[in-house]
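Read through the structure below, which is laid out as structure tokens, and then see the notes.
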Amino acid sequence: MTTVVITEKNRAAEQIARILSNGKYKRIRIESIPVYEFSSGNQSWKIMGLAGHIMGYDYPSAYKDWRAVDPGTLLDIEPEKKVLKEEYASVIRKLANEASEIILACDYDREGENIGFEAKDIASKVSDVSFKRAKFSSLSPEEINRAFNSLVEPDVNMAMAAEARQILDLKMGVAFTRFITLSVREYVRTKKILSVGPCQSPTCGFVYERERTIRDFKPTDFWKIEALFNSGETNFPGSHRKGKIFNKDEAMSVYRKIKDCSSGSICERNVKESSVNPPNPLNTNELLKRGSNFLGISPENTLKIAEDLYLAGFISYPRTETNKYSKEFKFAEIIDEFRNGHYNDCVSLLPGDIHPKNGKKDSHDHPPIYPIKSASKKDVMKLSENPDYWNIYDLIVRHFFANLMPPAIFEKTHLAVLVKDEIFDSKGSVMKDAGWMQVYPFEKSSDKLLPRLQMGDGVNIEEISCNMSQTTPPKKLTEAELLTLMEHNGIGTKATASGHIETNKKRGYFENRGKTVSIMDRGFVLMDALNESVPSVIKPEVRARIESLIQDVESGNMDIDSAVLEGTDLIKKMYSCLSEGKDRLASKVVAAISDEAAQEDKKNFIGYCSQCNRILKIIKTDNGRFVGCTGYPQCKNTYPLPRKGALSILRSSECRRGGAAVIKVGKKYHWAVGIGPCFTCEFEKECFPPEIIGDCPECDGSMFVIQTEKSRFLGCTKRCGYTQSLPDKGRLTINEDKCENCGWNILRVKEMKKDALVICINRKCKKRYNKC
DNA sequence: GCAAGGTC
């Protein structure tokens, strides 16, 4: 008698095995996939973890050819479900053959139920074994034991709801993407795909809407009356209570009345203590937002880094919506781990009684993200030299501690100053107790001091001004704000949100500029065109409508076929709007893409073809790269390029032997197009004189910079053998100033995020010049 | 080649 358990992931399989066997399980491998086995009485158990979905939908191969199939007809074709991970399917079949019962134990959500049914379908084809479902909301022993003692029937409605989503998402994505891409290709040659999808398009839509607001913004004039008061000891500013005054006459009449006043008096005074609570525990979304806001790391990278940190045992599982600790959470263990390790300073600040500030979301799958292992920067750098690994780890650790600390207390003072009968307001804020902010340097607060004044006290007026300004457009969306918008509008899930942002970047729809997201021409024009023909595609409504259909399937009010039919109808309606506006859409998009192509050509411009006088450009293929003529296929003129190294075209250097252009190859050497590597050319020294830094201390040669693929150092032009090291990091610039002592040129070394060093590098110089 | 959703 063998009970087979199937979970969504390996980690859950092992944890369940540990709990059900009281730690006495064995890990074996079947076709290289881990399976955990143990027995109790005459019952033997085998627990296997999948890796998410093992099946997926796609169109039958007859519909693979984009040009041969009218994209619209795809909406009437039903996609097929196929096994995508044969290795898992094969193990499922093997286990099904020996199973007396199979328990589906995937995550307790729609996709989890669906993944369970994928396994069920595969197993049912080889065995008539029966299936049960274990529903648990955490991997704690109590919860797992309870779930396995109260097995239920698998929920077909829930699984079918996910099925309907898959089919509808695929239909819409494929039909729209092919239609738009092909329409554009009727006018312009491009390999790039213009994709549309029920999550990626609304995501781009948010960025587009903001950009439109910015572009359509018309600034308005307004006037602000401001004063600088003096209390006898210090100056402090005040603003007229009316704030922005949009009527010039009104502003001027107030200003004229008081502009010559020399004193005022305090007419209101409030002092309030206010507290700022620590942040809620971290869930995925919050981590991604803070990574972007505080550290300037893209959500995609933050998620990748968090996953690596998790796999290396530094932090807990990073994909969760939960921002609330369970009552059982063992704070003491985590705190102990840090007590005698790194972050002892944080531990020592913790209050005696631990009360986390909890959020309200509990998806019952995982606890919030918290640190597991105390580590130093060095420890984390062993995992990756990318400093962001440490930055994310440090954020997670500090967030964990901040969450357990008391609120920060501020004393907020409000003073109102009466000048004639006009009132000016002045606000101050002083931190009384840093609370959680002591361990959380990412949130900054700056004190604004006000003098100690009482009601009725007089103040002098140093200055009163009335200045005109203009209203400013809203700022570009930050990646953190975009994530919030997606979350609030139900676009994507905790695991996919950053992926949708990435898709849009990959497609060239928008890009990062620092922390903000900036739309690119291609994205703006596509969104603009869609907004004209099928506005719902770039708004969250499509997703919402499909979601409500799916919800009906899940709750049993609608069967999957009707839901797919109704959803398909919805997509068809949108598709016909799209296809009616085809010419307008294509012409709009084509203009932007041709512009991009022209820009791209400019970047790759090498020179003119010696045979036909057309433009030469760098051409990259799967097999390598070369310089070719844009007149191809009529003109077949080509020139070879070095196989390796980043290429940058030196616009300032002309080849003396008549090469079409000079290209810098990585850090290594130069290459004249049509001639070959410059180091084989007799003019090399004249074209690229060595970067001399000073006299050689050993002979009458000069020291110059030698750059190889792996290092850089100074060598002697006379090849006397004397060398000297150079700083191995940072950008080097040779200054014109010379060291007063040895006469070598002063060197500037600038590393990323560090102050530049300005130094004399000569090791033999007795008076090493060093200034910043 | 096209979507979104799991997870490694």
Side-chain angles (χ1 to χ4, degrees), chain A residues 6-14 32-34 48-59 61 63-69 71-72 74-75 77 79 81 84-85 87-88 106-119 159 161-185 190-204 284 303-304 306-308 310-312 317-320 365-366 486 490-504 506-507 537 542-543 546-547 550 567 571 575:
Chain A
I6 294 177
T7 71
E8 188 161 321
K9 47 193 163 259
N10 177 47
R11 200 181 72 97
E14 177 156 27
S32 84
I33 289 167
M48 132 184 233
L50 306 177
H53 285 285
I54 40 179
M55 296 172 97
Y57 274 98
D58 205 353
Y59 278 100
S61 50
Y63 300 94
K64 284 248 149 41
D65 185 345
W66 287 37
R67 295 206 166 267
V69 183
L74 289 171
L75 296 174
I77 308 295
K81 202 173 189 189
L84 297 176
K85 290 176 188 155
E87 54 304 4
Y88 285 94
C106 296
D107 292 1
Y108 181 20
D109 55 27
R110 210 183 263 160
E111 295 300 328
E113 201 67 39
N114 188 274
I115 292 168
F117 269 75
E118 290 174 9
E163 203 86 356
R165 181 205 52 74
Q166 292 176 26
I167 296 170
L168 293 171
D169 283 351
L170 178 71
K171 280 191 168 184
M172 175 180 170
V174 171
F176 276 55
T177 300
R178 285 195 193 180
F179 177 82
I180 295 172
T181 306
L182 291 174
S183 307
V184 168
R185 284 192 193 162
T190 168
K191 279 185 189 163
K192 286 192 184 164
I193 287 168
L194 286 147
S195 67
V196 163
C199 285
Q200 56 169 279
S201 298
T203 302
C204 192
T284 311
L303 192 60
K304 164 84 175 65
E307 253 159 28
D308 288 351
Y310 157 67
L311 289 174
Y317 189 67
R319 268 187 272 186
T320 177
D365 53 355
H366 307 280
M486 293 170 72
I491 301 297
T493 67
K494 72 204 184 225
T496 60
S498 69
H500 299 310
I501 294 181
E502 214 48 36
T503 307
N504 277 292
K506 199 173 96 194
R507 295 272 181 254
V537 171
V542 199
R543 187 102 212 114
I546 290 179
E547 175 60 34
I550 295 168
I571 298 170
Y575 187 86

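Chain letters run A, B, ... following the sequence lines, proteins first and then strands; every chain starts at 1.
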Atom pair NE2 (A:H366) and OH (A:Y317), whose distance is rounded to the nearest 0.5 Å: 5.0 Å

Sugar-phosphate only, base, or nothing, as touched by A:G492 at under 4.0 Å among non-hydrogen atoms: sugar-phosphate

Touch class at under 4.0 angstrom, heavy-atom based, for A:D58 against every strand present: base

Minimum-distance nucleotide to A:N10 side chain [options: B:dC8, B:dA3, B:dT7]: B:dC8

Sugar-phosphate only, base, or nothing, as touched by A:P198 at under 4.0 Å among non-hydrogen atoms: sugar-phosphate

Protein-nucleotide distance (A:K506, atom NZ; B:dA3, atom P), rounded to Å: 7 Å

N or O in side chain of A:Q166 less than 4.0 angstrom from B:dA3 OP1/OP2: no

First encountered from the 5' end of DNA chain B, between A:T493 and A:R178: A:R178

Side chain A:R165, main chain A:E547, donor-acceptor under 3.5 Å: no

5′-ward residue of the pair A:H53/A:M172 relative to DNA chain B: A:M172

Phosphate-side-chain proximity, A:R507 and B:dA3, N/O vs OP1/OP2 below 4.0 Å: yes

Presence of A:R185 side-chain N/O under 4.0 Å of B:dC2 phosphate oxygens OP1/OP2: no

Atom-pair distance (CG on A:D169; C1' on B:dA4), nearest Å: 5 Å

Nearest-Å distance for atom pair CG/P, residues A:L74 and B:dA3: 14 Å

Spacing of A:I115 atom CD1 and A:E8 atom CD [to the nearest 0.5 Å]: 3.5 Å

Phosphate-side-chain proximity, A:T496 and B:dA4, N/O vs OP1/OP2 below 4.0 Å: no

Between P of B:dA3 and CD1 of A:I571, the distance in whole Å: 14 Å

Length of the line joining A:K494:NZ and B:dG6:P, which is rounded to integer Å: 6 Å

Touch class at under 4.0 angstrom, heavy-atom based, for A:F176 against every strand present: nothing

Selected nucleotide, minimal atom distance to A:I193 side chain, candidates B:dA3, B:dC2, B:dG5: B:dC2

Touch class at under 4.0 angstrom, heavy-atom based, for A:E307 against every strand present: nothing

Closest to the A:K85 side chain, choosing from B:dA3, B:dC8, B:dT7: B:dC8

Length of the line joining A:K191:NZ and B:dC2:P, which is rounded to integer Å: 14 Å

Residue A:H500, side-chain heavy atoms: nucleotide from B:dG5, B:dA3, B:dC2 that is nearest: B:dG5

Short side-chain N/O contact from A:S195 to OP1 or OP2 of B:dG1, under 4.0 Å: no

Point-to-point distance, once rounded to the nearest 0.5 Å, from CZ of A:R543 to CE of A:M172: 9.0 Å

Heavy-atom donor-acceptor pair, A:K85 side chain to A:L50 backbone, under 3.5 Å: no

Nearest-angstrom distance from the residue atom CG of A:L303 to C1' of B:dG5: 14 Å

Residues A:E111, A:K494: salt bridge by 4.0 Å N-O rule: no

Per A:Y317 side chain, nearest of listed nucleotides B:dG6, B:dA4, B:dT7: B:dT7

Sugar-phosphate, base or nothing in reach of A:G52, heavy atoms under 4.0 Å: base

Gap between atoms CD1 and C1', on A:I501 and B:dG5 respectively (whole Å): 16 Å

